[in-house]
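Below is one structure, written out as C-alpha coordinates; comments come after it.
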Amino acid sequence: MDLSVVIPLYNEEESLPELAAWIKRVADREAYRYEIIMVDDGSTDRSWEVIEKLSAEMPELRGIKFQRNYGKSAGLYVGFDAAKGDVVITMDADLQDSPDEIPELVAMIREEGYDLVSGWKKKRYDPVLTKNLPSKLYNWTVRRMTGIQLHDFNCGLKAYRKAVIKSIEVYGEMHRYIPVLAKWAGFKKITEKVVQHQERKYGVTKFGIERFIRGPLDLLSVIFISRFRKRPMHFFGMIGAVVFLLGFVILTYLSISKLIYLNYGITDRPLFYLGLICAIIGTQLFLTGFLAELIVRSATDRNHYLIEQQIGQASKHE
(Lines give C-alpha, C1' and ligand atoms only; values in the text may rest on other atoms or scores of the structure.)
Protein backbone atom coordinates (compact mmCIF):
# COMPACT_ATOMS: atom_id res chain seq x y z
CA MET A 1 0.00 0.00 0.00
CA ASP A 2 1.33 3.44 -0.91
CA LEU A 3 -0.20 5.69 1.71
CA SER A 4 -1.89 5.73 5.10
CA VAL A 5 -3.48 8.94 6.40
CA VAL A 6 -3.89 8.83 10.19
CA ILE A 7 -6.31 11.35 11.70
CA PRO A 8 -6.80 11.49 15.49
CA LEU A 9 -9.91 13.47 16.36
CA TYR A 10 -12.11 14.65 19.18
CA ASN A 11 -15.52 16.25 18.59
CA GLU A 12 -15.02 17.20 14.94
CA GLU A 13 -18.31 15.98 13.42
CA GLU A 14 -18.76 18.99 11.13
CA SER A 15 -15.38 18.77 9.42
CA LEU A 16 -15.07 15.01 8.84
CA PRO A 17 -17.14 14.64 5.62
CA GLU A 18 -15.34 17.53 3.96
CA LEU A 19 -11.93 16.28 5.10
CA ALA A 20 -12.54 12.71 3.91
CA ALA A 21 -13.78 13.89 0.50
CA TRP A 22 -10.77 16.20 0.15
CA ILE A 23 -8.27 13.43 0.96
CA LYS A 24 -10.03 11.04 -1.41
CA ARG A 25 -9.96 13.59 -4.21
CA VAL A 26 -6.21 14.15 -3.81
CA ALA A 27 -5.35 10.45 -3.39
CA ASP A 28 -7.44 9.36 -6.39
CA ARG A 29 -5.89 12.08 -8.54
CA GLU A 30 -2.40 10.80 -7.65
CA ALA A 31 -3.52 7.15 -8.15
CA TYR A 32 -2.34 6.13 -4.68
CA ARG A 33 -3.23 2.82 -3.11
CA TYR A 34 -4.30 4.28 0.21
CA GLU A 35 -6.25 4.08 3.43
CA ILE A 36 -7.68 6.70 5.77
CA ILE A 37 -7.63 5.84 9.47
CA MET A 38 -9.79 8.03 11.70
CA VAL A 39 -9.26 7.51 15.44
CA ASP A 40 -12.13 8.89 17.53
CA ASP A 41 -10.67 9.80 20.90
CA GLY A 42 -13.90 9.31 22.87
CA SER A 43 -15.87 12.11 21.20
CA THR A 44 -19.08 13.25 22.87
CA ASP A 45 -20.68 14.58 19.68
CA ARG A 46 -21.74 12.65 16.55
CA SER A 47 -18.22 12.12 15.23
CA TRP A 48 -18.41 8.32 15.39
CA GLU A 49 -21.76 8.24 13.59
CA VAL A 50 -20.23 10.34 10.83
CA ILE A 51 -17.24 7.98 10.62
CA GLU A 52 -19.56 4.97 10.35
CA LYS A 53 -21.44 6.61 7.52
CA LEU A 54 -18.25 7.60 5.70
CA SER A 55 -16.83 4.10 6.09
CA ALA A 56 -19.93 2.63 4.47
CA GLU A 57 -19.45 4.97 1.51
CA MET A 58 -15.65 4.75 1.28
CA PRO A 59 -14.01 1.32 1.53
CA GLU A 60 -10.65 3.07 1.99
CA LEU A 61 -11.75 4.61 5.29
CA ARG A 62 -11.27 2.79 8.58
CA GLY A 63 -12.48 3.91 11.99
CA ILE A 64 -11.27 3.21 15.53
CA LYS A 65 -13.23 4.51 18.53
CA PHE A 66 -11.85 4.79 22.06
CA GLN A 67 -14.18 4.06 24.93
CA ARG A 68 -13.08 7.30 26.59
CA ASN A 69 -10.82 10.27 25.90
CA TYR A 70 -7.12 9.37 26.13
CA GLY A 71 -5.45 12.21 24.24
CA LYS A 72 -3.81 12.80 20.88
CA SER A 73 -0.79 10.60 21.55
CA ALA A 74 -3.01 7.59 22.16
CA GLY A 75 -4.85 8.25 18.90
CA LEU A 76 -1.59 8.40 16.99
CA TYR A 77 -0.28 5.26 18.68
CA VAL A 78 -3.19 3.06 17.63
CA GLY A 79 -3.31 4.74 14.22
CA PHE A 80 0.38 4.01 13.66
CA ASP A 81 -0.14 0.43 14.80
CA ALA A 82 -2.96 -0.04 12.27
CA ALA A 83 -1.25 1.78 9.37
CA LYS A 84 -0.08 -0.33 6.43
CA GLY A 85 1.11 2.30 3.97
CA ASP A 86 4.75 2.72 2.96
CA VAL A 87 4.30 6.43 3.68
CA VAL A 88 2.22 7.59 6.64
CA ILE A 89 0.70 11.07 6.80
CA THR A 90 -0.75 12.51 9.99
CA MET A 91 -3.04 15.50 10.05
CA ASP A 92 -5.55 17.14 12.35
CA ALA A 93 -9.28 16.77 11.69
CA ASP A 94 -10.19 20.45 11.96
CA LEU A 95 -9.42 21.32 8.30
CA GLN A 96 -6.55 23.61 9.30
CA ASP A 97 -4.19 21.14 7.59
CA SER A 98 -4.54 20.97 3.81
CA PRO A 99 -4.64 17.53 2.12
CA ASP A 100 -3.30 19.26 -1.01
CA GLU A 101 0.11 19.07 0.72
CA ILE A 102 0.07 15.27 0.62
CA PRO A 103 1.68 14.68 -2.82
CA GLU A 104 4.72 16.84 -2.05
CA LEU A 105 5.14 15.25 1.38
CA VAL A 106 4.96 11.77 -0.14
CA ALA A 107 7.51 12.74 -2.79
CA MET A 108 9.94 13.99 -0.12
CA ILE A 109 9.78 10.60 1.59
CA ARG A 110 9.83 8.46 -1.56
CA GLU A 111 12.09 10.36 -3.92
CA GLU A 112 14.28 12.50 -1.67
CA GLY A 113 14.81 9.77 0.91
CA TYR A 114 13.74 11.57 4.07
CA ASP A 115 12.61 9.56 7.09
CA LEU A 116 10.35 12.27 8.51
CA VAL A 117 9.03 15.53 7.07
CA SER A 118 7.42 17.92 9.52
CA GLY A 119 5.06 20.65 8.42
CA TRP A 120 5.97 24.25 9.19
CA LYS A 121 3.02 26.62 9.52
CA LYS A 122 5.05 29.68 8.66
CA LYS A 123 1.92 31.82 8.43
CA ARG A 124 -0.53 30.94 11.15
CA TYR A 125 -4.15 31.90 11.69
CA ASP A 126 -4.10 31.46 15.46
CA PRO A 127 -4.37 34.00 18.30
CA VAL A 128 -1.01 35.73 18.73
CA LEU A 129 -0.83 35.84 22.53
CA THR A 130 -2.33 32.46 23.37
CA LYS A 131 -0.85 30.32 20.58
CA ASN A 132 1.65 32.01 18.25
CA LEU A 133 4.07 33.52 20.78
CA PRO A 134 4.04 30.52 23.15
CA SER A 135 4.59 28.26 20.11
CA LYS A 136 7.64 30.25 19.01
CA LEU A 137 9.14 30.11 22.50
CA TYR A 138 8.41 26.40 22.81
CA ASN A 139 9.94 25.56 19.42
CA TRP A 140 13.05 27.64 20.15
CA THR A 141 13.52 25.79 23.45
CA VAL A 142 13.13 22.36 21.84
CA ARG A 143 15.61 23.26 19.09
CA ARG A 144 18.20 24.31 21.64
CA MET A 145 17.73 21.24 23.83
CA THR A 146 17.55 18.59 21.10
CA GLY A 147 19.64 19.98 18.25
CA ILE A 148 16.85 19.26 15.75
CA GLN A 149 16.41 22.32 13.55
CA LEU A 150 12.65 22.42 13.01
CA HIS A 151 10.51 25.53 13.29
CA ASP A 152 7.24 23.80 14.20
CA PHE A 153 7.58 20.58 16.21
CA ASN A 154 3.90 20.51 17.13
CA CYS A 155 2.47 20.75 13.60
CA GLY A 156 -0.05 17.95 13.13
CA LEU A 157 0.76 17.61 9.44
CA LYS A 158 3.74 15.27 9.11
CA ALA A 159 4.94 12.53 6.77
CA TYR A 160 6.82 9.42 7.88
CA ARG A 161 8.54 6.48 6.34
CA LYS A 162 6.73 3.38 7.58
CA ALA A 163 9.78 2.16 9.47
CA VAL A 164 9.74 5.30 11.62
CA ILE A 165 6.22 4.92 13.00
CA LYS A 166 6.79 1.21 13.63
CA SER A 167 9.99 1.95 15.59
CA ILE A 168 8.81 4.63 18.03
CA GLU A 169 6.36 4.51 20.91
CA VAL A 170 4.07 7.50 21.41
CA TYR A 171 2.26 7.81 24.74
CA GLY A 172 1.24 10.38 27.32
CA GLU A 173 1.73 13.74 25.60
CA MET A 174 4.71 12.69 23.49
CA HIS A 175 3.08 13.53 20.15
CA ARG A 176 4.74 16.94 20.39
CA TYR A 177 8.16 15.31 20.31
CA ILE A 178 7.87 12.65 17.62
CA PRO A 179 10.85 14.12 15.69
CA VAL A 180 12.93 13.79 18.87
CA LEU A 181 11.80 10.19 19.37
CA ALA A 182 12.58 9.43 15.72
CA LYS A 183 16.06 10.92 16.00
CA TRP A 184 16.89 8.88 19.09
CA ALA A 185 15.54 5.77 17.34
CA GLY A 186 18.25 6.26 14.71
CA PHE A 187 16.37 8.10 11.96
CA LYS A 188 18.58 11.08 11.07
CA LYS A 189 17.04 12.32 7.82
CA ILE A 190 14.52 14.72 9.32
CA THR A 191 13.45 17.92 7.60
CA GLU A 192 10.54 20.31 7.31
CA LYS A 193 8.31 21.76 4.64
CA VAL A 194 6.39 25.02 4.69
CA VAL A 195 2.71 24.09 4.60
CA GLN A 196 -0.50 26.03 4.26
CA HIS A 197 -2.30 26.77 7.52
CA GLN A 198 -6.00 27.49 7.25
CA GLU A 199 -8.38 29.19 9.61
CA ARG A 200 -10.55 26.87 11.67
CA LYS A 201 -13.82 26.40 9.83
CA TYR A 202 -15.86 24.53 12.43
CA GLY A 203 -15.89 24.22 16.20
CA VAL A 204 -13.28 25.45 18.65
CA THR A 205 -9.75 24.42 19.61
CA LYS A 206 -9.49 21.49 22.02
CA PHE A 207 -6.23 22.60 23.65
CA GLY A 208 -6.34 24.57 26.88
CA ILE A 209 -3.92 26.47 29.12
CA GLU A 210 -2.64 23.22 30.63
CA ARG A 211 -0.48 22.61 27.55
CA PHE A 212 1.87 25.38 28.77
CA ILE A 213 2.56 23.29 31.87
CA ARG A 214 2.65 19.90 30.21
CA GLY A 215 4.91 21.01 27.37
CA PRO A 216 8.13 21.65 29.36
CA LEU A 217 7.53 18.58 31.54
CA ASP A 218 7.02 16.39 28.47
CA LEU A 219 10.21 17.75 26.92
CA LEU A 220 12.23 16.80 29.99
CA SER A 221 10.57 13.38 29.96
CA VAL A 222 11.30 12.66 26.32
CA ILE A 223 14.94 13.76 26.63
CA PHE A 224 15.40 11.55 29.68
CA ILE A 225 13.62 8.59 28.09
CA SER A 226 15.48 8.98 24.80
CA ARG A 227 18.90 9.06 26.42
CA PHE A 228 18.50 6.88 29.49
CA ARG A 229 15.54 4.59 28.84
CA LYS A 230 17.77 1.54 28.44
CA ARG A 231 20.29 2.65 31.07
CA PRO A 232 18.62 4.63 33.89
CA MET A 233 21.46 3.67 36.23
CA HIS A 234 23.76 5.90 34.16
CA PHE A 235 21.59 8.89 35.09
CA PHE A 236 20.57 8.20 38.67
CA GLY A 237 23.78 6.39 39.55
CA MET A 238 26.01 9.19 38.30
CA ILE A 239 24.12 11.92 40.18
CA GLY A 240 23.80 9.71 43.26
CA ALA A 241 27.51 8.93 43.29
CA VAL A 242 28.48 12.61 43.03
CA VAL A 243 26.08 13.68 45.80
CA PHE A 244 27.10 10.79 48.05
CA LEU A 245 30.79 11.56 47.48
CA LEU A 246 30.19 15.19 48.49
CA GLY A 247 28.47 14.06 51.70
CA PHE A 248 31.22 11.54 52.38
CA VAL A 249 33.91 14.20 52.04
CA ILE A 250 32.06 16.58 54.37
CA LEU A 251 31.51 13.92 57.04
CA THR A 252 35.10 12.71 56.75
CA TYR A 253 36.36 16.26 57.28
CA LEU A 254 34.15 16.68 60.34
CA SER A 255 35.23 13.31 61.74
CA ILE A 256 38.91 14.21 61.37
CA SER A 257 38.25 17.57 63.02
CA LYS A 258 36.76 15.85 66.03
CA LEU A 259 39.13 12.88 66.38
CA ILE A 260 42.44 14.59 65.58
CA TYR A 261 41.93 18.27 66.29
CA LEU A 262 39.47 17.66 69.13
CA ASN A 263 36.86 20.02 67.78
CA TYR A 264 33.61 19.46 69.65
CA GLY A 265 30.03 20.46 68.86
CA ILE A 266 30.29 18.91 65.40
CA THR A 267 26.59 17.95 65.31
CA ASP A 268 25.63 21.57 65.97
CA ARG A 269 27.27 22.80 62.78
CA PRO A 270 25.16 23.25 59.59
CA LEU A 271 27.92 21.52 57.63
CA PHE A 272 27.18 18.29 59.51
CA TYR A 273 23.55 18.27 58.39
CA LEU A 274 24.55 19.14 54.83
CA GLY A 275 26.93 16.17 54.72
CA LEU A 276 24.31 13.86 56.25
CA ILE A 277 21.64 14.96 53.75
CA CYS A 278 24.01 14.51 50.80
CA ALA A 279 24.92 11.00 51.94
CA ILE A 280 21.25 10.01 52.34
CA ILE A 281 20.10 11.57 49.04
CA GLY A 282 23.05 10.08 47.17
CA THR A 283 22.23 6.62 48.49
CA GLN A 284 18.56 7.04 47.55
CA LEU A 285 19.42 8.12 44.01
CA PHE A 286 21.77 5.18 43.64
CA LEU A 287 19.05 2.77 44.80
CA THR A 288 16.56 4.49 42.45
CA GLY A 289 18.88 3.66 39.58
CA PHE A 290 18.91 -0.01 40.54
CA LEU A 291 15.12 -0.12 40.84
CA ALA A 292 14.71 1.66 37.51
CA GLU A 293 16.96 -0.93 35.87
CA LEU A 294 14.69 -3.68 37.22
CA ILE A 295 11.38 -2.16 36.07
CA VAL A 296 12.44 -0.41 32.87
CA ARG A 297 10.95 -3.14 30.67
CA SER A 298 8.03 -4.18 32.87
CA ALA A 299 5.44 -1.48 32.00
CA THR A 300 3.40 -3.84 29.84
CA ASP A 301 0.13 -1.89 30.00
CA ARG A 302 1.50 1.58 29.24
CA ASN A 303 -0.15 1.58 25.83
CA HIS A 304 -3.27 -0.38 26.63
CA TYR A 305 -6.42 1.47 25.56
CA LEU A 306 -10.04 0.41 25.65
CA ILE A 307 -11.41 0.38 22.11
CA GLU A 308 -15.19 0.38 22.07
CA GLN A 309 -15.75 -0.17 18.34
CA GLN A 310 -13.78 -0.62 15.16
CA ILE A 311 -15.01 -0.57 11.58
CA GLY A 312 -13.51 -0.99 8.15
CA GLN A 313 -10.78 -3.18 6.76
CA ALA A 314 -7.67 -2.47 4.76
CA SER A 315 -8.37 -0.88 1.41
CA LYS A 316 -9.29 -3.23 -1.40
CA HIS A 317 -6.59 -1.45 -3.41
CA GLU A 318 -3.84 -2.81 -1.17
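When a residue number appears, it is its place in the shown sequence, counting from 1. Values reported hereafter were calculated over all heavy atoms of this structure, with side chains retained and with hydrogens, waters and symmetry mates removed.
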Are [Y] and [X] connected into the same hydrophobic cluster when the rule is that any two of I, L, V, M, F, W, Y join if their side-chain heavy atoms are below 4.5 Å apart?
{"X": "Leu61", "Y": "Ile311", "result": "yes"}
{"X": "Tyr32", "Y": "Ile36", "result": "yes"}
{"X": "Tyr273", "Y": "Leu245", "result": "no"}
{"X": "Leu251", "Y": "Leu274", "result": "yes"}
{"X": "Ile277", "Y": "Ile239", "result": "yes"}

Trp48 meets the ring-ring contact (aromatic ring centres under 6.0 Å, His included) criterion, sequence neighbours left out, with none
Those residues that, when tested against Phe153, pass ring-ring contact (aromatic ring centres under 6.0 Å, His included) (two or more places apart): none
In terms of ring plane angle, is the pair Phe248 and Phe244 parallel, tilted or perpendicular, where the classes change at 30° and 60°?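 The rings of Phe248 and Phe244 lie parallel, inter-plane angle below 30°.
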Measure the [atom1]-[atom2] distance between [X] and [Y] for me, rounded to the nearest 0.5 Å.
{"X": "Met108", "Y": "Glu192", "atom1": "CE", "atom2": "CD", "result": "9.0 Å"}
{"X": "Ile148", "Y": "Trp184", "atom1": "CD1", "atom2": "CH2", "result": "9.0 Å"}
{"X": "Arg46", "Y": "Lys53", "atom1": "CZ", "atom2": "NZ", "result": "8.0 Å"}
{"X": "Asn154", "Y": "Lys72", "atom1": "CG", "atom2": "NZ", "result": "6.0 Å"}

Between [X] (side chain) and [Y] (backbone), is there a donor-acceptor pair under 3.5 Å?
{"X": "Glu35", "Y": "Val5", "answer": "no"}
{"X": "Glu112", "Y": "Ala107", "answer": "no"}
{"X": "Lys166", "Y": "Ala83", "answer": "yes"}
{"X": "Asp97", "Y": "Met91", "answer": "no"}
{"X": "Thr191", "Y": "Val117", "answer": "no"}
{"X": "Ser55", "Y": "Arg62", "answer": "no"}
{"X": "Ser47", "Y": "Ser43", "answer": "no"}
{"X": "Ser257", "Y": "Tyr253", "answer": "yes"}
{"X": "Asp92", "Y": "Asp94", "answer": "no"}
{"X": "Ser98", "Y": "Gln196", "answer": "no"}

Atom [atom1] of [X]: over 12 foreign heavy atoms under 6.0 Å:
{"X": "Lys193", "atom1": "NZ", "result": "yes"}
{"X": "Lys188", "atom1": "NZ", "result": "yes"}
{"X": "Glu104", "atom1": "CD", "result": "no"}

Do Asp41 and Lys65 meet the salt-bridge criterion of a basic N to acidic O distance under 4.0 Å?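 Answer for the salt bridge query: no.
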For a quick test of reading the model, state the closest non-hydrogen atom pair linking [X] to [Y] and the distance between them.
{"X": "Pro179", "Y": "Ile190", "answer": "O-CD1, 3.5 Å"}
{"X": "Arg33", "Y": "Met1", "answer": "O-CG, 3.2 Å"}
{"X": "Ile168", "Y": "Ala185", "answer": "CG2-CB, 4.1 Å"}
{"X": "Glu169", "Y": "Leu181", "answer": "O-CD1, 3.8 Å"}
{"X": "Leu105", "Y": "Ala159", "answer": "CB-CB, 3.8 Å"}
{"X": "Leu9", "Y": "Ala93", "answer": "CB-CB, 3.7 Å"}

Would Asn11 and Thr44 count as a side chain to side chain donor-acceptor pair (under 3.5 Å) here? Give the steps. CA-CA 6 Å; Asn11 290 348; Thr44 56; 3.2 Å; yes
Using a distance-only test with no angle check, is there a side-chain donor-acceptor pair under 3.5 angstrom linking Asp152 and Ser118?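 No pair is found: no donor N or O on one side chain lies under 3.5 Å from an acceptor on the other.
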Tell me, do [X] and [Y] make a side-chain contact under 4.5 Å, heavy atoms counted?
{"X": "Val50", "Y": "Pro17", "value": "yes"}
{"X": "Ile89", "Y": "Lys158", "value": "no"}
{"X": "Val39", "Y": "Phe66", "value": "yes"}
{"X": "Lys122", "Y": "Val195", "value": "no"}
{"X": "Pro103", "Y": "Val106", "value": "no"}

For side-chain contact (heavy atoms from CB on, under 4.5 Å), just list the numbers for Met38 and Ile64, CA-CA rounded to whole Å, side-chain angles, deciding distance to a tenth of an Å, and then say yes or no. CA-CA 6 Å; Met38 291 186 173; Ile64 299 172; over 6 Å; no
Using the side-chain contact (heavy atoms from CB on, under 4.5 Å) rule, take Leu150 and Arg143 through it: C-alpha gap first, then chi angles, then the decisive distance, then the call. CA-CA 7 Å; Leu150 298 179; Arg143 284 197 299 271; 5.5 Å; no
Of Lys189, Lys162, Arg161, which is the lone residue that meets salt bridge (Lys or Arg N to Asp or Glu O under 4.0 Å) with Asp115? Arg161
Does the pair Thr90 and Phe80 meet the rule for a side-chain contact (heavy atoms from CB on, under 4.5 Å), with working shown? CA-CA 9 Å; Thr90 59; Phe80 287 164; 3.5 Å; yes
Quick one: do Asp28 and Tyr34 satisfy side chain to side chain donor-acceptor pair (under 3.5 Å)? Show the steps, please. CA-CA 9 Å; Asp28 288 345; Tyr34 69 98; 3.2 Å; yes
Check step by step if salt bridge (Lys or Arg N to Asp or Glu O under 4.0 Å) holds for Arg110 and Asp86. CA-CA 9 Å; Arg110 278 181 167 181; Asp86 296 329; 5.6 Å; no
Assess whether side-chain contact (heavy atoms from CB on, under 4.5 Å) is satisfied between Val78 and Ile37, documenting all intermediate values. CA-CA 10 Å; Val78 299; Ile37 303 173; over 6 Å; no
Answer with yes or no after comparing the ring centroid distance for Phe187 and Tyr160 against a 6.0 Å cut-off, counting only values under it. no
